[in-house]
Amino acid sequence: VLTGTVSVIVRLWGCNLKCKWCDERSNLKIDKSHVFSVNKIVEHIKAYDCDHVVITGGEPMIQEGIISLTKKLKETNSHVTVETNATVRKDVFCDLISMSPKLSSSVPSDINNRKAYDKRRINIKVINYYIKNYNYQMKFVVGKESDFNEIDEILSKISNYDRTKILIMPLAASRRQLFSSQKNIARMCIEKNYRYANRLQLQIWGQNKEPKNNDRIFKKIS
Ligand code: SF4
């Protein structure tokens with residue numbers, strides 16, 4: 001829902017899932033040499049002079065300092081969004097929880113205990129908690145038409161949700177993939193009354209995920 005809003009994106013390493021198309025898969029193991037204190041992270045964020053902060057991952061809710069980080073950011077009046085796969089409950093301080101439960105199409109073939117993984121992948125209790133207690137949106141990444149059946153099934157288990165907060169985003173890692181699938185996914189959204197979510201960064205920058213001058217700014221403050 002905040003597409004197009006200029007934001008500082010904080011990427012935290014480590015995740016409890018292993019989606020096969022994850023753009024951060026090489027960073028999923030926490031590297032102890034890249035640990036920063038909450039104060040240091042807040043200092044970096046504030047150097048951008050930007051009101052909107054998006055905390056993403058990896059999976060932010062498995063980070064020890066996530067509650068303290070969000071609390072400090074709220075104390076500085078930032079608008080805070082936390083992106084999560086909605087498998088872990090944490091009482092963070094934020095303006096928006098952006099949940100993205102992962103469909104079965106995300107599961108790689110090398111998972112040992114598929115049953116246990118699936119149980120961890122979709123946690124209805126956690127989803128319900130965030131819906132009840134936060135301003136939220138819930139985004140599903142869709143690669144094929146049959147994914148819609150799975151989304152319908154997940155939503156049928158959720159007690160009370162606002163349909164306008166459910167977003168469908170096409171699975172794509174490049175402009176070419178996006179352009180080849182977006183019309184079909186949009187058509188399905190119209191048919192099934194779901195809200196379509198764009199991949200604006202891919203449209204504008206392609207596979208380069210962010211404007212180049214961000215590197216320069218980061219160097220200046222580090
Ligand atoms: S939940 Fe997100 S960060 Fe974790 S593996 Fe899946 S896509 Fe990557």
Side-chain angles (χ1 to χ4, degrees), residues 1-5 7-12 14-19 22 38 41-42 45 51-107 115-142 147-169 171 188-189 192-198:
V1 296
L2 292 172
T3 297
T5 307
S7 306
V8 179
I9 311 284
V10 182
R11 277 203 182 270
L12 301 172
C15 188
N16 56 347
L17 296 182
K18 278 174 79 177
C19 305
C22 177
V38 165
I41 298 170
V42 173
I45 294 168
D51 291 339
H52 280 74
V53 180
V54 179
I55 302 176
T56 185
E59 174 47 52
M61 300 306 191
I62 64 170
Q63 295 281 344
E64 232 175 79
I66 188 64
I67 294 177
S68 149
L69 174 62
T70 54
K71 188 164 190 272
K72 286 217 159 121
L73 285 170
K74 282 311 304 162
E75 282 164 6
T76 64
N77 293 324
S78 293
H79 179 287
V80 178
T81 300
V82 180
E83 294 193 329
T84 175
N85 58 26
T87 58
V88 176
R89 178 187 148 179
K90 280 277 169 72
D91 293 324
V92 289
F93 295 80
C94 69
D95 301 275
L96 176 67
I97 289 241
S98 180
M99 292 182 271
S100 181
K102 298 298 179 264
L103 301 179
S104 55
S105 55
S106 70
V107 182
K115 215 172 163 192
Y117 185 85
D118 283 344
K119 210 170 161 203
R120 184 163 81 240
R121 183 170 57 80
I122 299 291
N123 191 326
I124 300 293
K125 252 189 176 172
V126 172
I127 294 173
N128 273 331
Y129 181 81
Y130 287 139
I131 286 179
K132 192 163 172 224
N133 294 287
Y134 287 87
N135 180 33
Y136 68 93
Q137 64 182 23
M138 187 152 45
K139 179 189 78 183
F140 292 96
V141 176
V142 166
D147 288 343
F148 281 93
N149 300 335
E150 205 179 330
I151 296 168
D152 291 343
E153 197 192 322
I154 293 168
L155 292 177
S156 73
K157 294 178 188 155
I158 295 171
S159 26
N160 194 8
Y161 67 90
D162 177 349
R163 187 88 171 179
T164 65
K165 295 183 175 190
I166 310 297
L167 308 171
I168 305 292
M169 181 177 271
L171 174 64
M188 287 297 292
C189 285
K192 294 182 78 75
N193 190 25
Y194 281 116
R195 183 171 169 182
Y196 179 87
N198 210 353

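Only a predicted model underlies this, so the values are computations on that prediction, with no experimental measurement involved.
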- Item | Ser7/Leu2 under side-chain contact (heavy atoms from CB on, under 4.5 Å): CA gap, chis, key distance, verdict | CA-CA 9 Å; Ser7 306; Leu2 292 172; over 6 Å; no
- Taking everything shown except Asp162 itself, do over 12 heavy atoms lie less than 6.0 Å from its CG? yes
- Task: Quick one: pull up CD1 in Ile168 and NZ in Lys139 and give me the separation to the nearest 0.5 Å.
- Result: 11.0 Å
- Message: Taking Ala86's backbone N and O only, do any of them form a donor-acceptor pair with Thr84's side chain (distance below 3.5 Å, no angle check)?
- Response: yes
- Once you round to the nearest 0.5 Å, how far does CD of Gln137 lie from CD1 of Ile97? 10.5 Å
- Item | Met138: which of Ile127, Leu167, Ile151 passes side chain to side chain contact (heavy atoms under 4.5 Å, CB included) | Ile127
- Query: Does a donor on one side chain sit under 3.5 Å from an acceptor on the other, for Asn16 and Thr87?
  - Reply: yes
- Task: Show your working on side-chain contact (heavy atoms from CB on, under 4.5 Å) between Ile55 and Val92 and close with a plain yes or no.
- Result: CA-CA 11 Å; Ile55 302 176; Val92 289; over 6 Å; no
- Flag, side chain of Gln63 to backbone of Leu12, donor-acceptor distance under 3.5 Å: no
- Answer whether the closest heavy-atom distance between the side chains of His52 and Thr81 falls below 4.5 Å. no
- Query: What distance do Ile131 atom CD1 and Ser159 atom OG have between them, rounded to the nearest 0.5 Å?
  - Reply: 7.0 Å
- Non-hydrogen atoms of Val38 and Leu69 that approach each other most closely: CG1-CA, 3.7 Å
- Item | Glu153 side, atom CD; Ser104 side, atom OG - distance, nearest 0.5 Å | 9.0 Å
- Report the C-alpha separation of Ile124 and Ile154 in whole Å, then their side-chain angles, then the decisive distance to 0.1 Å, and conclude whether the side-chain contact (heavy atoms from CB on, under 4.5 Å) test is met. CA-CA 8 Å; Ile124 300 293; Ile154 293 168; 4.2 Å; yes
- Message: To the nearest 0.5 Å, what is the distance between OG1 on Thr76 and NZ on Lys74?
- Response: 8.0 Å
- Do Lys72 and Ile41 have side chains that get closer than 4.5 Å, going by heavy atoms? no
- Task: Check whether any side-chain heavy atom of Asn128 sits under 4.5 Å from a side-chain heavy atom of Lys125, and report yes or no.
- Result: no
- Task: State, yes or no, whether a side-chain contact exists between Tyr130 and Lys90 at a heavy-atom distance under 4.5 Å.
- Result: yes
- Flag yes if more than 12 heavy atoms outside Glu64 fall under 6.0 Å of its CD atom; otherwise flag no. no
- Is there side-chain contact between Tyr134 and Leu96, with heavy atoms separated by less than 4.5 Å? no
- Examine distances only and state if a side-chain atom of Glu59 and a backbone atom of Met61 form a donor-acceptor pair shorter than 3.5 Å. yes
- Message: For the residue pair Arg163 and Tyr194, would you count it as a cation-pi contact if the rule is NZ or CZ under 6.0 angstrom from the ring centre and within 45 degrees of the ring axis?
- Response: yes
- Item | Check: Glu150 and Ser105 side chains under 4.5 Å, non-hydrogen atoms | no
- How many angstroms lie between CG in Asp95 and OG1 in Thr70, if you round to the nearest 0.5 Å? 10.5 Å
- Note on the structure: Heavy-atom closest pair (Val82 atom, Cys94 atom, distance to 0.1 Å) is CG2-CB, 3.9 Å
- Kindly check if the number of other-residue, nucleotide or ligand heavy atoms within 6.0 Å of NZ (Lys119) is above 12? no
- For the side chain of Arg89 and the backbone of Val126, is there at least one donor-acceptor N/O pair under 3.5 Å apart? no
- Query: Less than 4.5 Å apart, any side-chain heavy atom of Leu171 and any of Phe140?
  - Reply: no
- Task: Could you check if a side-chain atom of Asn135 sits within less than 4.5 angstrom of a side-chain atom of Lys165, using non-hydrogen atoms only?
- Result: yes
- Note on the structure: Of all heavy-atom pairs linking Gly58 and Cys15, the shortest is CA-CB, 4.1 Å
- Set of residues satisfying side-chain hydrogen bond (donor to acceptor under 3.5 Å, both in side chains) with respect to Asn193, sequence neighbours excluded: none
- Task: Could you walk me through whether Phe148 and Val142 pass side-chain contact (heavy atoms from CB on, under 4.5 Å), step by step?
- Result: CA-CA 8 Å; Phe148 281 93; Val142 166; 3.8 Å; yes
